[in-house]
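Only heavy atoms go into these numbers, but all of them, side chains included; no hydrogens, no water, no symmetry mates.
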Amino acid sequence: SGGILYPLSATKSLSANEMTVSVIHKPLLSITTSKKQLISVYSIMYCVSSVFQTGMVGYPEALTDPSYKSQILTLTYPLIGNYGVPKDEDGEFGLSKWFESSKIHAAALIVGELSENPSHWSSAKSLDQWFREQGIPGLEGVDTRSLTKKIREKGTMLGKLVVEGTSANDIPFDNPDTRNLVKEVSMKEPKVFNPEGTVRITAIDCGIKYNQIRCFCQRGARVTVVPWDYPLDSNGEAWHYFDGLFISNGPGNPEYCKETVENIRNVACVENPKPVFGICLGHQLLSLVIGAKTYKMKYGNRGHNQPCIHKGTNRCFITSQNHGFAVDPNTLPEAWDVLFTNANDKTSEGIVHNHKPLFSVQFHPEHMAGPTDLVGLFDVFLDTVKDAKEGKTGKTAFVRPRKVLVLGSGGLSIGQAGEFDYSGSQAIKALKGENIQTVLINPNIATVQTSKGLADKVYFLPITPEYVTQVIKNERPDGVLLTFGGQTALNCGVELTKQGVLEKYKVRVLGTPVASIEMTEDRKIFVEKMEEINEHVAPSEAAMSVEQAVAAAERLSYPVLVRSAFALGGLGSGFANNREEMITLVTQAFAHTSQVLVDKSLKGWKEIEYEVVRDAYDNCVTVCNMENIDPLGIHTGESIVVAPSQTLNDYEYNMLRNTAIKVIRHLGIVGECNIQYALNPESEQYYIIEVNARLSRSSALASKATGYPLAYVAAKLGLGIPLPMLKNSVTNSTTANFEPSLDYCVVKVPRWDLSKFLRVSTKIGSSMKSVGEVMAIGRSFEEAFQKALRMVDENCVGFDHTIKPVSEEVCNDVTHLPSHSHRIFVLAAALHAGYTVERLYELTKIDHWFLHKMKNITDHEKLLEAYNRDESAMPPEVLRKAKQLGFSDKQIAQAVQSTELAVRKLRRDWKILPAVKQIDTVAAEWPAHTNYLYLTYHGLESDVVFEQPHVMVIGSGVYRIGSSVEFDWCAVGCIMELRKMGYKTIMVNYNPETVSTDYDMCDRLYFDEISFEVVMDIYEMENPEGIILSMGGQLPNNIAMSLHRQQCRILGTSPEFIDSAENRFKFSRMLDTIGISQPRWKELNTKDTLETVGYPCLVRPSYVLSGAAMNVAYSDSDLEKYLTNAVAVSKEHPVVISKFIQEAKEIDVDAVACDGVVIAIAVSEHVENAGVHSGDATLVTPPQDINQKTMERIKMIVYAIGQELQVTGPFNLQLIAKDDQLKVIECNVRVSRSFPFVSKTLGVDLVALATRVILGEEVEAVGLMKGIGIVGVKVPQFSFSRLAGADVVLGVEMTSTGEVACFGENRYEAYLKAMLSTGFKIPKKNILLTIGTYKSELLPTVQTLESLGYNLYASLGTVMAVDWPFEEESDCPSKDKQRNIMDYLEENHFDLVVNLSMRNSGGRRLSSFVTKGYRTRRMAIDYSVPLITDIKCTKLFVQVSCDKLTLTTQQI
């Protein structure tokens, strides 16, 4: 009998080509297999050959493929059985609907993990049940990657499965290659299919797959299938029965089919033969017929992604293969030619006669499982025409550009973040590799792409048609790339095309043409283009006005989804359930766009994405497919995403893949794009949601998930290079024209920072609000999923049921959750509370498969809790299983009520250690020299050896408000400098949007958690020369002390001193000791300590970034509330209260020191008063308003603190100046957000300097950096338009998502360019002023505005020497006569709103009532009206308007 078992051990191979695996079924393993009813393999098996297959779907088809007869099949993709096994039912022509033959032909199956709870509408039983029914044995829990590498290196081996208690030596090895396997699988009597068919085909059954018969019958043929040795004498009777002869696939060595060869020779080797077509073994048999030779391959080609090049057109096709023998093309006789060649190993994949209708192919054009790219060969055969022109491509003559303009994405905002720094950097690298000059426009100073040494020229300018035109005039490029800078670059490029600028200056758009971009962006045209090829888009209508939109919604029937055209990240979109909601939504959407789209709601359907690459010669591949865990209705950027898809069967996977290729070809896209689908979870029905004709956030994710550098390849394709000519950069031997095989699972989880915003709507839906995302890699879903949850928030231990309580309403409506990340924790609590998977599916529509996986975690957690008295009583297997399910040491410690270090010691004593695996794009099928690594507990051995010493750099982790691309710039700068110095480098980071996780940046990339446990594991394996923590922002600093206590070599400032700066209490005490002034402070123990500080006071937790939980308290009740928050954020560290000083100037200092001696200082000043977080402030460097005396005192303070903290490397200080006094407010012993800004503006790379210092090199002191004669202004980029309801007030906790910086001869010019870069528009005529208590101070400024000819409007509260035409509604009884502010805003009457909140509200978390000021600010944002909320910025802006600056472009 059969079934899928757990192995006892995999013994070392007995000889170079043998392998034995023992199987156990003792109660000993009942823990790991507690859900399984074990059935032993009673009959001892024959020894058979062992092979591997790299396809990620299609196990029912593969197992029933007769070509696998007598083979132990290893599947490289680790998660098998997810969609179960369907019922064996007859489909058309009396052939099985789902299987390729009547039974399982593989001798046994070896997998990494078997799914116990399959989920699919077609599933009738589990894989395990099917195996038992058929009496076939299987093994799970095997490190299939190690096994694959062994087969790859040693060749196909003989293997046997031996029941425990039987000596392996008693079972003789018996080689199936010495048997005639064809005879064993072929039918015994002829059989006719589709007897009404007009074309008569005779098919020789050597092990025929049902789909080969089906492909003929569907094309109108009558198919007579005959046994393998059936006589085909041309003089005999059978000859009259066919118009064409087909030779099928089959198992084993073709040399054993001598009768078949003779029979074919009788009909093929004649003067006018009938057409002959062979597949796989049929190809080898036809070759033997004509006198060519075959040979046994080392391990064969088996999988769904083998690239084959068609001779003549050089088109490359992706094919499905399963063979261990090949034809030697050098032995083909004259008059025969090669038809296809494998692009990877150069083996022959097809032959054709030069003038007779005879041809054969080595691959499976009938697919099942796999891609259908060449199924047309059945048509070619049936037309009996070998068409030499098949696949004409209409080649265009490409003129290679000499200079290319690359448009960047500008400031990071929600929906358009660091992924465009990664894709732009890749594009520039690709162009440089082809010796093409590059010019980049990007005002985002914190990016790697704007660094020296990447692009030939960088312009820090707004990405607007005016400025880009200036640059084109100056530079005269002959090509431009529009698809690497997000929606900003795309919209700018479309506008430049419309204005005729590109045509005028002869600039060619490289890659996807603008016409194709517009097809995908304009909904109406897109729908028409899809209808042309009979594809369906979700029922939808485009509307140009509110009335049209409401009418459309009524035609489609509610609920509907509203979206803006030409918008990024679902801006201005949402669901409307009735007419009122519809009107509200649409009115707001028209503020951002001229066209809105009304879609029928498909909430609850599966959302699937494919990343597609196409070149100018029509070669097309899908690189990655992804499945959203959340059903449709949540923007894909907000969703938890898994790659590859887990719950699609082979038919669905390839149906959507084929559609993707068909659509992309029809649209004429060149380069990279992504297509999104809605798939009905109950059938095969699907709709196309949209196509993004540019690199998107999911492109960066797909690149990192597969190791396939999409942006790099897309840039090369834009130059007209054919895809097959590009190499796979991971293997360096195979072509880039392939589809990656994954032997791991990837999970992406977004991060929200909604808690930083006041009054923000916490609903999530079709508009994106997340500020960053993480990607985790594991060999099981649970492992990757739990890793990802910890990556999003370092305080989370995993799938934790204690974070959020269960609530029916919350589960019931996705959008009722405060934030999506918490929704997952509600599921954890629900599973822990005993909710069934079925109930949770009803509530959430998350696929059963994912819910069962989550339940596995909860069940194991309960098992761990049983050992809470004494963790050492826990069996090692329980601990090992916990690690394989993704539990961290800390999480296990929490369950067994122990400590992280105790669990770590126990785990090490039991030798439960992670293995290091490579991501190589080919599932170990080819040798790869990749340095792209991850840790897993599902492995017997590591893929790499640890010999050379490296320096380890810890990256910044997830992008969040306060830690964004600037820390990635620092980490990349550090690695590059280390490599220049001759050190080998290791990078640890898990953020798919970054350049630091690009595997060609460092010598080893560990794409894994930044936690004490994981960094320590890597440290113990690699034994590096040391770790650099100061380049990744706050996250690495937080683990400094834990690493230090384990005697890790920390390079740079000692962790003891890092602690002195991070710990607010120690830092304040230190300043008092060395006599440096600071605001009055007190460590918080009781409320009465306040008398020494007084209100307003600032609450400051330790070890936090971007002012998390920092607040200004004005009263006792404020204080109590804020303290609770602060203690929650920094549980183990002190909270300090200090006096909040109002209306002071804030100064930022970035510095580098060596053993306490400061060697470089950069000073920046804030435009806004202190009280606005430095990340939200407008920064100017070199400072314009600081006098010499103050500068000397700043230097003195910096020197004193650097000396006291014994800093080696970077540090940052913040000071405030008021009434001629300087006070220190904080110090960070690490790089800060402003490092890239000061480095690029003042011309000294502080990160390179700090890196040299950290490694003990002598460097020359730079002193105070004065700059290079220009002024830089850094302006924050906010994303309030995406955060419905959030109040636009700035305070001590940071709210900006990104920043831009521009340069000028003075601060006014630089400020204007920087403001324009954030999307600010210069007002034309109407300005609204609501300036409350700042009247006297602002009067001269207002008079200046009036003199400039602006129409000024004001609210009633702003009573000044100007007549006001209207008042606010609540103050005016006769409101009919007077228009109120809201009406004007709704009509887009104002070009600018200046709204200054009450004096003294600096940083105040306003009370919950809605003020008029809040309403004005919020409406300005919702209607896309430029808004200024700070008095200092208002003055600076008016000063700029006075100067009426002309456009100038400045290159750095």
Side chains of Asp650 and Asn654: do they bring a donor and an acceptor to under 3.5 Å? yes
Once rounded to the nearest 0.5 Å, what's the spacing between atom CD1 of Ile201 and atom CG of Asn194? 11.5 Å
Distance col, row Trp336:CH2 vs Leu286:CG, nearest 0.5 angstrom, shows 4.5 Å
Passes salt bridge (charged side-chain N to carboxylate O under 4.0 Å, His left out), Arg145 versus Asp920? Steps please. CA-CA 11 Å; Arg145 184 175 171 85; Asp920 59 8; 3.0 Å; yes
So does Gly303 get a backbone contact from the side chain of Gln321, meaning a donor-acceptor N/O pair under 3.5 Å? no
Are Phe93 and Tyr210 an aromatic pair by the rule of ring centers under 6.0 Å? no
Using side-chain hydrogen bond (donor to acceptor under 3.5 Å, both in side chains), reason through Asn322 and Asn249 one step at a time and then give a plain yes or no. CA-CA 9 Å; Asn322 172 16; Asn249 63 295; over 6 Å; no
If you look only at pairs with a residue in residues 368-378, which of them pass as a salt bridge (Lys or Arg N to Asp or Glu O under 4.0 Å), with sequence neighbours excluded? Asp373-Arg657
So does Met297 have more than 12 non-hydrogen atoms from other groups sitting under 6.0 Å from CE? yes
Exceeds 12 heavy-atom contacts within 6.0 angstrom, atom CZ of Phe325: yes
Just by modelled atom types, is the Ala369 backbone N or O under 3.5 Å from a matching donor or acceptor in the Tyr651 side chain? no
Do Asp618 and Arg665 meet the salt-bridge criterion of a basic N to acidic O distance under 4.0 Å? yes
With side-chain contact (heavy atoms from CB on, under 4.5 Å) as the criterion, how do Lys298 and Arg152 come out once you've worked through the C-alpha distance, each side chain's angles and the decisive distance to 0.1 Å? CA-CA 8 Å; Lys298 187 176 178 186; Arg152 182 188 82 204; 6.0 Å; no
Side chains of His120 and Glu652, donor plus acceptor under 3.5 Å: yes
Could you give the distance from OH (Tyr617) to CZ (Arg315), rounded to the nearest 0.5 Å? 13.0 Å
Between Glu925 and Gln306, does any side-chain donor sit less than 3.5 Å from a side-chain acceptor? yes
N/O donor-acceptor pair under 3.5 Å between Asn266 side chain and Leu232 backbone: no
Tell me whether the count of non-hydrogen atoms from other residues, nucleotides or ligands lying under 6.0 Å of NZ in Lys188 goes above 12. yes
Rounded at 0.5 Å granularity, tell me how far CZ in Arg614 sits from SG in Cys620. 6.5 Å
Working to the nearest 0.5 angstrom, can you tell me the gap between Asn625 CG and Tyr610 OH? 4.5 Å
Between Asn342 and Glu349, do the side chains contain an N or O donor and an N or O acceptor separated by less than 3.5 Å? yes
Kindly check if the number of other-residue, nucleotide or ligand heavy atoms within 6.0 Å of NZ (Lys183) is above 12? no
If the condition is salt bridge (Lys or Arg N to Asp or Glu O under 4.0 Å), which residues does Asp337 pass it with, not counting sequence neighbours? Lys311
Candidate pair Trp228 and Val185, rule side-chain contact (heavy atoms from CB on, under 4.5 Å), full reasoning: CA-CA 9 Å; Trp228 70 285; Val185 298; over 6 Å; no
With a cut-off of 6.0 Å (strictly less than), are more than 12 heavy atoms of other residues, nucleotides or ligands near NZ of Lys662? yes
Return the orientation label for the Phe216 and Phe277 ring planes: parallel under 30°, perpendicular over 60°, tilted otherwise. perpendicular
Side chain Lys274, main chain Phe242, donor-acceptor under 3.5 Å: yes
Less than 3.5 Å apart, any donor N or O on the side chain of Asp229 or Asn263 sitting next to an acceptor on the other? no
Measuring centre to centre across the rings, with the benzene-like ring taken for any Trp, is His310 within less than 6.0 Å of Phe340? yes
Inspect the contact between Glu366 and Lys209 and indicate whether a charged nitrogen and a carboxylate oxygen are less than 4.0 angstrom apart. yes
Pair Asp90 + Lys97: basic N to acidic O under 4.0 Å: no
Residue pair Thr735, Lys727: steps toward the side-chain contact (heavy atoms from CB on, under 4.5 Å) verdict: CA-CA 4 Å; Thr735 172; Lys727 282 264 177 282; over 6 Å; no
Taking the side chain from Ser122 and the backbone from Pro86, do they hold a donor-acceptor pair closer than 3.5 Å? no
So, are Lys293 and Asp328 salt-bridged, with charged N and O less than 4.0 Å apart? no
Is the Tyr708 ring parallel, tilted or perpendicular to the Phe738 ring (thresholds 30°, 60°)? tilted
Using 0.5 Å steps for rounding, measure from the CH2 atom of Trp130 to the CG atom of Leu109. 9.5 Å
Asn301: which of Asp345, Thr319, Asn344 passes side chain to side chain donor-acceptor pair (under 3.5 Å): Asp345
Quick check: does any side chain N or O of Asp205 sit under 3.5 Å from a backbone N or O of Val225, one acting as donor and the other as acceptor? no
Can you tell me if Ser186 uses its side chain to pair, donor with acceptor, with the backbone of Val182 under 3.5 Å? no
Presence of salt bridge, Lys149 and Asp743, under 4.0 angstrom: no
Looking only at side-chain N and O atoms, does Thr54 offer a donor or acceptor that is under 3.5 Å from a partner on Arg302? no
Flag, side chain of Arg265 to backbone of Leu288, donor-acceptor distance under 3.5 Å: yes
Walk me through whether Ile247 and Ile279 qualify under side-chain contact (heavy atoms from CB on, under 4.5 Å). CA-CA 6 Å; Ile247 318 160; Ile279 288 178; over 6 Å; no
